[in-house]
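Just below is one structure, and these are the notes that go with it.
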Amino acid sequence: MSVLDAPVGAAPGRPAGENLVPVFVRLKLTLLRNGLRQSAGRRAAYITSVVVTLLCAAGLLLGLTALHGHAHAASLVVLLAGVAAVGWAVMPLFFPSGDETLDPSRLVMLPLRPRPLVSALLVSSLVGIGPLFTLCLAAGSVFAVARGAAGAVFAVVAAPLALLVCVALARAVATANTRLLTSRKGRDLAVLSGLVIAVGFQVVNFGAQRLGRAGGLSALDPAADVVRWLPPASAIGAVDSASRGSYGQASVQLLLSVAALAALLRLWQRSLVKLMTAPDGSTLAAAGPGREKAGKGGAGLAALLPQGRTGTVMERSLRYIARDPKTKAAWTTALAIGLIVPVLNALQGTGSVYFACFAAWMLGIQMYNQFGQDTSAFWMVALTISSTRDAYLELRARALALLLITLPYTIVVTVVTAAMLDDWAALPEVMGLSLALLGGMLATGAVASANFPYSIPQDGAFKNVAPGQAGLAWISIFGGMVSAGLLCAPLIAVTIWLHVADHEQWLWLLLPVGAGYGALIAWAGLRAAAPRTADRLPEILAAVSKG
């Protein structure tokens, strides 16, 4: 008998899964509460993220409510529902989300049947900031288009239905691909899928910009006419159709979303059965000839790096980038988006050479949470740090490993952007600003790594942060990026002043000044982070080992 066909471990004769839903909801709340109890900083970060999300949700709800009665409101809300669905499908793969209650691989040994397990996981998935934000989006959307009694009736059903379709889509996609990033054969495909999705997001972004420049919400009508028949946007479209008296069309649109929900739940259930019963062969023949061959390649890399601790740490960091699926996916996505943004803007004829700074910004993010990528193995690194100097050498070597990729990449992207726009006069100043920004990101990334470390779980393919640490991760990254911008403010001010004062003949000086300034603030950031790292080794080890 399959473990999924066995009855739930409850009293004999009781329906399987009778109390599974409340158990999973309580489990999720307990995990969240225990995660927040670990430190005041984590509680503050989580509360801040909740407040920011709620404010955004409230603003979105008010904005959509103000569209009530607008002739083209339906086009906007239908497209918003479609974008939300796409976000729910891909966000869990590449952004911090989820917890142990949503990780089916942790439930393999439990005697749970698929159907009640899916119901319990679906309900527990509705507990969180993301579902609340989506519910506000759905509620505001249906209010914007609902008119009359029929529209109100359809709205009551459409809003929660759209939310359920989004959540079921996210969980079905995540469960179907749970082994992707942890599989040796599938990790390169995971990187490719991440690249495709990143490119797709940018295409959608620039498409939306072009529609916005067309003027008015009426420009959205052609796209909305198609999307209104695609779940879960069809549920929102049903409210608009019912408000206009097209009850047959509204019923079909609503049934499309209901059918989509049923299909997603069925797909989720089948993926769950396969995940929890099929053997995982990703680690078979782990000690085969391929591993021996891979190990021989290290001598060539090590020979090009400095001797001593610096070279060892740099080689370790570069191997993480080349071999760790999550690190590789993050780097591939950053490299792709860093080039796509300035290039697509240039192709549209609306770009600027200053968009090349986006490459330095994207790659600089990789400096954040340096110790989290080590996970529980950080204890071996911690054993080698006994002083502030040891911590400084560790951080400096990690920064140098990043510079081996980020520095030439930033230069190439800047030159390519200037060539596409035929604006070679702006190249020196933009290059200087990019290098200064890169130095600022390295500096704040080192400080954030020491003060706001968080774990990157390795047993869940789609979790990039441990339960209770998502707010900490977002505060660390976004707070650091804002600080990096402030560090570059003096150079930005000098650039603006040279343009305003008509001293453009001196703009070329921004290249050496920006390079020197970036190196200076990077060095200062590493120096500031070193004593903090040495003093907080036990806290850092506990934080990064959580997952």
Side-chain angles (χ1 to χ4, degrees), residues 52-92 95 97 126 128-147 151-152 154-170 173 197 200-244 249-250 253-254 256-258 260-261 264:
V52 171
T53 303
L54 291 178
L55 289 176
C56 293
L60 180 63
L61 183 60
L62 290 176
L64 292 175
T65 302
L67 288 176
H68 182 72
H70 193 283
H72 301 284
S75 298
L76 175 62
V77 298
V78 163
L79 291 177
L80 283 177
V83 172
V86 173
W88 272 95
V90 301
M91 288 295 183
F95 292 90
S97 63
L126 297 175
I129 303 175
L132 178 60
F133 182 87
T134 306
L135 182 60
C136 291
L137 171 63
S141 298
V142 297
F143 185 84
V145 296
R147 297 183 302 276
F154 273 82
V156 171
V157 179
L161 178 60
L163 173 62
L164 289 174
V165 172
C166 288
V167 175
L169 175 62
V173 171
I197 291 174
F201 265 119
Q202 292 303 318
V203 171
V204 171
N205 176 37
F206 289 111
Q209 291 180 9
R210 293 180 68 90
L211 287 173
R213 288 195 297 270
L217 295 180
S218 60
L220 302 176
D221 290 345
D225 290 339
V226 177
V227 177
R228 69 172 63 248
W229 293 98
L230 302 177
S234 61
I236 308 299
V239 180
D240 178 60
S241 298
S243 300
R244 292 186 284 103
Q249 178 177 330
Q253 290 174 312
L254 195 64
L256 284 174
S257 289
V258 173
L261 177 60
L264 288 171

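Quick note: residue numbers are just sequence positions, from 1.
Pairing each heavy atom of S234 with each of W229, the nearest pair is CB-C, 4.0 Å. Between S243 and A146 the shortest heavy-atom distance is OG-CA, 3.4 Å. W88 and A170 make their closest contact through O-CB, 3.1 Å (heavy atoms, listed as atom of the first residue, atom of the second, distance). Between L230 and V226, the closest heavy-atom pair is CG-O, 3.8 Å. Scanning both residues, L61 and A139, for their nearest heavy atoms gives CD1-C, 4.2 Å. P232 and A81 get closest at one heavy-atom pair: CG-O, 4.3 Å.
Looking at R228 and D225, their side chains come closer than 4.5 Å, going by heavy atoms from C-beta outward. The shortest distance between side-chain heavy atoms of L80 and L64 falls below 4.5 Å. Using a 4.5 Å heavy-atom cutoff, the side chains of Q253 and I236 are not in contact. Residues V145 and V78 have side chains not in contact (no heavy-atom distance under 4.5 Å, counting atoms from C-beta outward).
Checking side-chain atoms of S257 against main-chain N and O of A235 turns up a donor-acceptor pair under 3.5 Å.
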Check the pair L132 / L54 against side chain to side chain contact (heavy atoms under 4.5 Å, CB included), numbers first and verdict last.
CA-CA 8 Å; L132 178 60; L54 291 178; 3.3 Å; yes
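Here S141 contributes atom OG and D240 contributes atom CG; the two are 11.5 Å apart, rounded to the nearest 0.5 Å.
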With a cut-off of 3.5 Å and sequence neighbours excluded, list every side-chain donor-acceptor pair involving residues 157-169.
none

